[in-house]
Asker: 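Structure incoming, see below.
Because only heavy atoms are used, hydrogens play no part in the values below, and waters and symmetry mates are left out as well, while side chains stay in. Each chain gets a letter, A, B and so on, in the order the sequences are listed, and its residues count up from 1. Keep in mind that what you see is a predicted model, and the values were worked out from it rather than measured.
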Amino acid sequence: MTRMLEDMDKLVSLCKRRGFIFPSSEVYGGINGFWDYGPLGVELKRNIKDAWWADNVRLRDDMVGLDCSIIMNPRVWEASGHVGGFSDPMVDCRATKERYRADQMYVFAYVFPKVNHKGEPTEAWLAGLGSSPEEALEGVEKRAAKLAKKFGEPTGAPTIIPYLQISAEDREKVIGPATDERGTLTEPRAFNLMFKTFVGALESESNVAYLRPETAQGIFANFKNVVDTGRVKLPFGIAQVGKSFRNEINPRNFTFRSREFEQMEIEFFCRPDEAAEWYAYWRKSRFQWYVDLGLKSEQLRLRDHDPEELAFYSTATADIEYTFPFGTSELEGIAHRGDYDLNQHIKFSGKDLSYFDEEKKERFVPHVIEPSAGADRATLAFLCEAYTEDEVGGEARTVLKFHPRIAPVKAAVFPLVKRDGMPEKAEAIYREMKRRFNVFYDEKGAIGRRYRRQDEAGTPFCITVDSQTLADGTVTFRDRDTCRQWRVPGEGAARALDDLLQGESIPEA
RNA sequence: GCGGGUGUAACUCAAUGGUAGAGUACCUGCCUUCCAAGCAGGCUACGUGGGUUCGAUUCCCAUCACCCGCUCCA
C-alpha cells in the first residue's frame with residue numbers, strides 16, 4: 001500500500017528531522033528563498049548531480065565539461081538580454097511576450113464618435129513607446145488613424161497618460177504597443193532579476209557586476225575556447241553544473257523556487273540542418289533519464305510549448321514537468337535556441353564565434369539545443385516520489401524509496417545485539433565497505449528501530465551480523481522496500497552489495 | 001506583489017497575563033537473538049524587536065520565516 005505525498009508539510013518536516021534540508025541560517029530566523037542541505041541531503045543531491053554528469057558527460061564521446069566563474073564580465077549579460085531593464089520598472093505583454101520599460105511607455109486615450117450599444121462613444125487607450133510623449137505618439141498615430149476609419153475621426157487630441165500613472169483598473173483598457181488586444185500588459189514591476197555586486201573595494205557604478213542568473217552564458221562565452229582547444233568536432237555538447245542566482249520576487253514551495261539554486265545545463269552544438277533531429281533526441285533522452293532514476297509515476301510528463309509560448313528566437317521548447325503536491329512544475333526545459341545566443345555574443349563581443357566544418361569546408365554559426373535542468377528541483381522531485389507510507393507488521397512506517405543510485409546511504413551495517421563479538425564483526429564489514437560505498441554503522445537500540453531509521457533515510461539495504469554469522473560467517477541482507485531478508489557470506493558482502501546497487505534483483509523469498 | 005493563516009523542544013502538538021506539559025525522537029545505563037518492545041535516568045522550547053502592564057509565551061504593533069489562495073515565473 002503506497003500513497004502519494006499529499007502535502008509538502010510532511011516532507012518538509014521529514015527533511016528537517018532527518019537532515020536532508022534546513023532553512024538557511026535558521027538560527028537567525030532564516031532568509032527567504034535560501035535553503036541548506038544537511039548530511040543526508042548533500043549526499044542525495046550530489047548523487048543526482050554525479051548521475052547526471054556520468055550519463056551526460058563521462059559516458060558520452062560527444063560531450064565535454066566546463067566550470068565557469070559565477071561572476072563574469074557584465075557585458076555577457078547585456079548580450080544575453082538579462083541586463084536590459086535592470087532596476088527600471090518593466091512591463092510585460094502577455095500576448096506578445098515582449099517586455100517594455102514602463103517609464104518609456106505613454107498611453108494615448110482617444111475618443112471616437114461612433115457609439116456602442118449603450119450609446120457610449122468608443123474609447124481606445126493606445127500605448128506607445130518613446131523617451132518623450134511626442135516620440136511615443138509617432139508609433140501610435142498610425143494605429144489611431146486606422147481606428148478612425150472604422151469609428152470616425154477622434155473627437156479631439158488624445159489624453160496623454162504615462163503608463164506608470166495608470167491605475168490597475170484602467171490598465172485593463174490599455175492596448176499594448178504590439179497588439180490589438182486590450183489588457184495584455186502587466187503592472188509595472190522593478191525587474192531586479194540579477195543579484196548585483198561590486199568587483200573591487202570601491203562601490204561605484206563602474207565596477208558593478210552580477211551573480212550569474214544561469215550557467216548557460218558561461219558556456220557560450222567559452223565556445224571559442226573549447227573549440228580551439230578541446231579537439232571537439234560538431235556535433236558536440238558542453239556541460240556545466242553550478243550555482244545560479246535569481247532575485248525572485250516570490251520564492252515559494254520549499255526549495256522549488258529558490259534565489260540560489262544549482263543548474264545542470266548542456267549546450268549541444270550542431271549543424272543547422274541537424275538541429276531538429278538533435279532536439280528530438282535530447283527531448284526524449286532527458287525525459288528517459290528521470291524515468292530511469294525512479295520518476296516512473298504518472299507525476300512526470302513531457303510538455304511541448306505552444307508556438308505562442310516560445311521565446312522569439314526558439315523554434316521549439318519542451319518542458320519536463322513533475323506534479324508536486326503544490327502543483328505541476330518544470331524540472332527541466334529543452335530548448336531549440338537556433339543560433340541566437342552565439343550570434344548575440346558575436347554581436348556584443350565583436351569576436352568571430354563561427355565554426356569551420358573541415359569535412360564540408362563550410363563556415364557557419366552552429367545551432368544549439370539546450371537541456372537545462374535544476375538540480376534542486378530534481379532533488380525535490382526525487383524526494384517527493386520516494387516518499388511512501390506503508391505498513392510493516394501492522395505498524396505504520398515512513399520510507400523513502402530512492403533508486404539505489406541516488407540513495408544517500410547505500411547500506412547500513414548492524415550487529416543484531418551488542419555482545420558476543422557481533423559488534424566487532426559488523427564493524428569489520430562496515431570498515432571494508434566504507435572504502436567503496438557510503439555506508440552507516442549502528443549498534444544502538446532495538447534492531448527494528450534501526451531498520452526504520454534507515455527506511456526514513458532511504459537506505460536501500462541493511463546488513464546484519466547475528467549469531468549465525470558467528471557460526472557460518474554469513475550475514476543477513478534486508479531489502480528496504482519489501483523488508484525481505486536473505487543470507488550472504490560475510491566475505492562476499494561488499495560484492496553482493498555492489499551487484500544490488502548495479503541493479504541485480506533481490507533473491508526470491 | 002496582494003489577501004488570509006501559522007509561529008512553544010529535533011518532530012507533532014497542549015496549556016497559561018504570574019516564565020510551560022505531553023507523545024515521539026535523541027543521549028546514558030540495564031535488558032534484549034530480526035522490524036519503532038521494556039525499565040531507570042537525562043538533554044532540549046515560547047521566531048525577533050518594540051509597546052501596554054507591577055509582571056507578557058499569552059494582549060497590541062512591527063518585523064522575519066513558513067503555509068494556502070491570487071499574481072508572477074529568463
Asker: What is the distance, rounded to the nearest whole Å, between atom CZ of A/R450 and atom P of B/C34?
Answerer: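 Between P of B/C34 and CZ of A/R450: 12 Å.
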Asker: Verify the contact: side-chain N or O of A/R419 to OP1 or OP2 of B/U33, cut-off strictly under 4.0 Å; return yes or no.
Answerer: yes
Asker: Give A/D466 one of three labels, base, sugar-phosphate or nothing, depending on what nucleic acid heavy atoms sit under 4.0 Å from its own.
Answerer: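 Base contact.
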Asker: Could you work out which one of B/C67, B/A37, B/U32 sits closest to the side chain of A/D9?
Answerer: B/C67
Asker: Output the rounded distance in Å from CG (A/D390) to P (B/A36).
Answerer: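 Between P of B/A36 and CG of A/D390: 13 Å.
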Asker: Among the nucleotides B/U33, B/C34, B/C66, which one has an atom lying closest to any side-chain atom of A/T464?
Answerer: B/C34
Asker: Which label fits A/F477 and A/W486: parallel for a plane angle under 30°, tilted from 30 to 60°, or perpendicular past 60°?
Answerer: tilted
Asker: Ignoring backbone atoms, test whether A/K16 places a side-chain nitrogen or oxygen under 4.0 Å from the OP1 or OP2 oxygen of B/A10.
Answerer: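 Checking B/A10 against A/K16, no side-chain N or O comes under 4.0 Å of OP1 or OP2.
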Asker: Can you tell me the pairing partner of B/G55 across any strand shown, Watson-Crick or G-U wobble, with both distances under 3.5 angstrom?
Answerer: none
Asker: In whole angstroms, how far is the P atom of B/G49 from the OH atom of A/Y28?
Answerer: 13 Å
Asker: Taking CD from A/Q485 and P from B/C35, how many angstroms apart are they, rounded to a whole number?
Answerer: 8 Å
Asker: How many whole angstroms separate atom CG of A/L14 from atom C1' of B/A25?
Answerer: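 In whole Å, B/A25 C1' lies 13 Å from A/L14 CG.
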Asker: Taking the C1' atom of each, how far is B/C43 from B/C27, in whole Å?
Answerer: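 Those two atoms are separated by 7 Å.
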Asker: Between B/C64 and B/U48, how far apart are the P atoms? Round to whole Å, please.
Answerer: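 The answer is 15 Å between these two P atoms.
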Asker: Using the six-membered ring wherever Trp is involved, compare the ring planes of A/F245 and A/F195 and label them parallel, tilted or perpendicular (cut-offs 30° and 60°).
Answerer: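 Answer is perpendicular, since the angle exceeds 60°.
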Asker: Nearest whole Å is fine: how far is B/C72 C1' from A/E248 CD?
Answerer: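 A/E248 atom CD is separated from B/C72 atom C1' by 9 Å.
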Asker: With sugar-phosphate meaning primed atoms plus P, OP1 and OP2, does A/R397 contact a base, only sugar-phosphate, or nothing at under 4.0 Å between heavy atoms?
Answerer: nothing
Asker: Could you state the interatomic distance from CD1 (A/I266) to CZ (A/R286), rounded to the nearest 0.5 Å?
Answerer: 6.0 Å
Asker: Is the NZ or CZ atom of A/R75 both under 6.0 Å from the centre of the six-membered ring of A/F348 and within 45° of that ring's axis?
Answerer: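 Geometry flag: not set, cation outside 6.0 Å or 45°.
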Asker: Which value, in whole Å, describes the distance between the C1' atoms of nucleotides B/A9 and B/G17?
Answerer: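 Result for the C1' pair: 23 Å, nearest Å.
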Asker: Any idea which of B/C67, B/A25, B/C34 is nearest the A/R453 side chain?
Answerer: B/A25
Asker: Could you tell me whether A/T476 contacts a base, only the sugar-phosphate backbone, or nothing, with contacts defined as non-hydrogen atoms closer than 4.0 Å?
Answerer: base
Asker: Tell me whether the rings of A/W77 and A/H82 are parallel (<30°), tilted (30 to 60°) or perpendicular (>60°).
Answerer: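 Taking A/H82 first and then A/W77, their aromatic rings stand perpendicular (interplane angle over 60°).
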Asker: For A/E26, which contact category applies under a 4.0 Å heavy-atom criterion: base, sugar-phosphate, or nothing?
Answerer: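 Since no nucleic acid heavy atom lies under 4.0 Å of A/E26, the category is nothing.
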Asker: Just the rounded figure in Å: distance from P of B/G69 to CG of A/N250.
Answerer: 12 Å
Asker: With P as the reference atom in both, quote the distance from B/A36 to B/A22 in angstrom, rounded to an integer.
Answerer: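 One P to the other, the span is 25 Å.
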Asker: Would you say B/C11 has OP1 or OP2 under 4.0 Å from some side-chain N or O of A/R17?
Answerer: no
Asker: In Å and rounded to the nearest 0.5 Å, what is the CZ to CZ distance from A/F287 to A/R301?
Answerer: 10.5 Å
Asker: Does any nucleotide pair with B/G69 by Watson-Crick or G-U wobble geometry, both distances under 3.5 Å, and what is it?
Answerer: B/C2
Asker: Heavy atoms under 4.0 Å, any strand shown: does A/F414 hit a base, just sugar-phosphate, or nothing?
Answerer: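 Result for A/F414 = nothing.
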Asker: Rounding to a whole Å, what distance do you find between A/E391:CD and B/A36:C1'?
Answerer: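 To the nearest whole Å, that distance equals 14 Å.
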Asker: Using atom P of each nucleotide, how far apart are B/C13 and B/G3 to the nearest Å?
Answerer: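 Result for the P pair: 27 Å, nearest Å.
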Asker: Which of these, A/R431, A/E424, A/K425, sits in a side chain to side chain contact (heavy atoms under 4.5 Å, CB included) with A/E427?
Answerer: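 Single side chain to side chain contact (heavy atoms under 4.5 Å, CB included) partner of A/E427 among A/R431, A/E424, A/K425: A/R431.
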Asker: Could you tell me whether A/N253 contacts a base, only the sugar-phosphate backbone, or nothing, with contacts defined as non-hydrogen atoms closer than 4.0 Å?
Answerer: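 Touches sugar-phosphate only.
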Asker: Looking at B/C66, I'd like to know if its phosphate oxygens (OP1 or OP2) sit under 4.0 Å from a side-chain N or O belonging to A/N32.
Answerer: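 Checking A/N32 against B/C66: at least one side-chain N or O falls below 4.0 Å of OP1 or OP2.
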Asker: Write down the distance separating the P atoms in B/A10 and B/C26, rounded off to the nearest Å.
Answerer: 14 Å
Asker: Just to be sure I understand the rule, does A/S13 reach a base, reach only the sugar-phosphate, or reach nothing, if contact means heavy atoms closer than 4.0 Å?
Answerer: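 Touches sugar-phosphate only.
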Asker: Say we look at B/G7 and B/U57: how far apart would their C1' atoms be, to the nearest angstrom?
Answerer: 11 Å
Asker: Could you please name the option among B/U33, B/C35, B/C68 that lies closest to any side-chain atom of A/R252?
Answerer: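 So the nucleotide nearest the side chain must be B/C68.
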Asker: Compute the ring centroids of A/F324 and A/F256, then answer whether they are less than 6.0 Å apart.
Answerer: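 Distance test on ring centres: under 6.0 Å, yes.
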Asker: A/Y451 or A/K444: which one's nearest nucleotide on RNA chain B is closer to the 5' end?
Answerer: A/K444
Asker: Assign each of A/G445 and A/G33 to its nearest nucleotide of RNA chain B by heavy atoms, then name whichever residue's nucleotide is nearer the 5' end.
Answerer: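 Whichever sits nearer the 5' end wins; that is A/G445.
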Asker: Mind checking the P distance from B/U44 to B/C59? Whole angstroms is fine.
Answerer: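 That atom pair is separated by 27 Å.
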Asker: Given B/A25, is OP1 or OP2 found less than 4.0 Å from the side-chain N or O atoms of A/R449?
Answerer: yes
Asker: For A/R478, report the nucleic acid contact type (base, sugar-phosphate, nothing); a contact means any heavy atom under 4.0 Å.
Answerer: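 Base contact - A/R478 has a heavy atom under 4.0 Å of at least one base atom.
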Asker: With a 3.5 angstrom cut-off on both distances, give the Watson-Crick or G-U wobble partner of B/A40, or none if there isn't one.
Answerer: B/U28
